[in-house]
Structure formats: structure tokens, C-alpha cells
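Bear in mind the structure is a predicted one, so any value in this text is a computation, not a measurement. Whatever order the structure lists them in is the order used to number ligands and atoms, beginning at 1. Values reported hereafter were calculated over all heavy atoms of this structure, with side chains retained and with hydrogens, waters and symmetry mates removed.
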Amino acid sequence: MGPEVEELEQKLAEFCNAKHCISCGNGTDALQLALLALDIGAGDAVFVPSFTFAASAEAVALVGATPVLVDIDLRSYCMSAESLERTLSFTRSINLRPAAVIPVDLFGQPADYESIFTIASKHEIRVIADSAQGWGATYKGQTTGTLGDVTTTSFFPSKPLGCYGDGGAIFTQDFSLASKLDSLRAHGKASEKYENVRIGTNSRLDTIQAAILLTKLEVFEKELEERDKIASRYSQKIPDQYITPTLPAHVTSTWAQYTLRARTAIERELAQAALKSAGIPTAVYYPRPLHLQTAYANFPQDPAGLKHSEQASATVFSLPMSPYLTLADQDKVIETLSLPA
Ligand SMILES: *Cc1c(COP(=O)(O)O)cnc(C)c1O
């Protein structure tokens, strides 16, 4: 907790216009600390999209609450408001207490916050934004960090703002929540270090990682612009047989991943194989939605099924994306995808 940590927290808060930033050990801790700070635990239901990285739901289970799996919208790959509404009603019928929703800014695109907040206010539940991939994106001119009641992010090296190991942060506009988070990340300390007022944990951001992030933050805005240029170029030039990502006019993305969809699982396999033989790496985020994973299959889920999460898992793949991807590299990806299968 050297001086760079506090300096970084101030700069991160400034970047997204948040009142408070509390750094921590990683993005999973950030979610867990946010849940603890909101007093979420046994008997509480927390709504999470099924098509996400496991940590979004894992943190919920770790604090003793029940993750409830919601379907996605196939255009944004983010949580479907319609599925959330339906799943909320179902959850009350099985005697769980709806407490919070965790929209995930998947692949870097902010979730449908307006619709989610409408539902959250109606049902009096909190919104914890998992912006591990989307921190720095905007929604109606507002930067992620102030879009949820609490927003969490990760600085794992593969994230748009990555350090050289593990790191995370939590953002909120609420002073009392911020003080509680500051206490929770340091063993539930009071203002006096060896006075413990609650059960917390050890989740420090290393000073050396903070120093790296301070330097990388200086070029972050520029890197986001470069990512956006590459994404636009991909979207213009990739042939129509692939469903490329489209953003509504009121959002920008960090393009944590440039993820497109083939029409079928077989077409995806052919595309990935062609790219691989041209020396181009691709990846599937995520090959199996949470409701079909051993660890999560028995948690409650949308009673109407999670068809879009399943369809996405079967057909999505992600292309190389980095602010430093050369034009020649981009062209090679585009040309390979344009070859007849
Ligand atoms: C990476 C990620 C996390 C977890 O972050 P860690 O720093 O790896 O713990 C949580 N949610 C999403 C959506 C992520 O992509």
C-alpha cells in the first residue's frame, strides 16, 4: 500500500468521474468485496448472465448467496433485460430474496444499464457492474465506473488496462460504501489499523502493479482509440457470412475482445482452422455457458431457458485485438476470413 496505490486510485477515479476508487488484489476479489459491502449473503439471490467468465457468478456463491443465471441479448452478448425480469419473478416463487444484479460489460461493451436500472429500482435490488472487460467504455456519455451502484474491474494482463500480474479496483459514488470497502480489503480494520470491526480479507493491490498501471494509464485513452479504429476496420471488411459486433449509437466499447459469430458451429470450426493455418490465433470466449457447467448447473436459472447463451457459446470466436496490431496483421486476418471455405 505504498504511495503509488493512492495516487493510482485518485487517477482511476478521475478517469471515470467516480467519487471513490478502492483498489484490491484482483477482479474476483473486487466482486466479492462489493457483495460483502452490500451485506449480500445466505438467502439472497444475485442475478448473473450465464454467458460470462465464471468469476461473475463464483463471487456470489463464495459469499454464500445464490447466483441465478439469466440469458443474454445476442446483439450485445450482455444480459437480456427481458430474461432478467422473468427470472426475478421465478426467483421469488422459490423463496429466495432478490438482492442484486451483476450486469457484465462483456467483450468491453457496456450492458443495457437503463433497462436494468428500471427493473432493479422496481424490485429494489442493487446493481453491481462487472466491468472487468469494459472499464473505460462509455454509455450515453458516461464512463463505466459510475454506471452501477458499485462497479468492479480487473487489471489482469489480458484486460484492456492490464498490469504485469494481478490487480483490481472497485468504484462507487457512495462514501459509506467506499469506507466499508476500504475496511473489508484490509481485514475489516477500523480507522485504527489493529482494531477490527468486521470480518474482511486481505486484498491489497501491490505497489509495483500500481506503478505500472500509473504509466499505462497515461496512454490508455489513446489505446482505446486505436482499438476502436481496428474494430471498425474489421467490421467494415469482414465478409457478411460472419455476424460482426454492432454497437448502438449511445455506447462505445473498450474492445477487450473483438468477437464475431459464425452461422453454425461447423462454420466456426472451419474459420478457426483456416486462421490457425495462416498463423493467426483465435479463441472462444466462452465455450460453455455457466448453466451448463458442472459447478453452476444446479443454480436457479431463467425458467424459459437460456437459448441465446447456448447459441453464443456454440458460434462465437474472437480475433486478435491489440492497440498495437499492425495494418498488415489486420489485413491478414481479414483476407483469411474472406477466402472461400
Ligand atoms: C477477468 C474477469 C473477472 C475476474 O478478474 P480477475 O482479476 O481475473 O480475478 C471477472 N469478471 C469478468 C467478466 C472478467 O473478464
Check your understanding: Does Lys159 count as lying over the ring of Phe53, i.e. NZ or CZ under 6.0 Å from the six-ring centre, within 45 degrees of the axis?
Key -> yes
In terms of heavy-atom contacts, does CZ of Arg288 have more than 12 from other residues, nucleotides or ligands at under 6.0 Å? no
Hey, can you tell me if Tyr113 and Tyr139 have their rings parallel, tilted or perpendicular (30° and 60° cut-offs)?
perpendicular
Angle between ring planes, Tyr77 versus Phe107, binned at 30° and 60°: parallel, tilted or perpendicular?
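Judged by the thresholds at 30° and 60°, the geometry between Tyr77 and Phe107 is perpendicular.
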Pair Asp112 + Arg75: basic N to acidic O under 4.0 Å = no
Expected contact list for ligand 1 at under 4.0 angstrom, heavy-atom basis, is Asn26, Gly27, Thr28, Thr52, Phe53, Ala55, Ser56, Val104, Asp130, Ala132, Gln133, Ser154, Lys159
Could you pull out all donor-acceptor pairs under 3.5 Å where a side-chain atom in residues 23-33 meets a protein atom, sequence neighbours excluded?
unit_1 : atom_1 : unit_2 : atom_2 : d
Ser23  : OG     : Glu9   : OE2    : 2.7
Ser23  : OG     : Arg185 : NH1    : 3.3
Asn26  : OD1    : Thr28  : N      : 3.0
Asn26  : OD1    : Asp29  : N      : 2.7
Asp29  : OD2    : Ser203 : OG     : 2.6

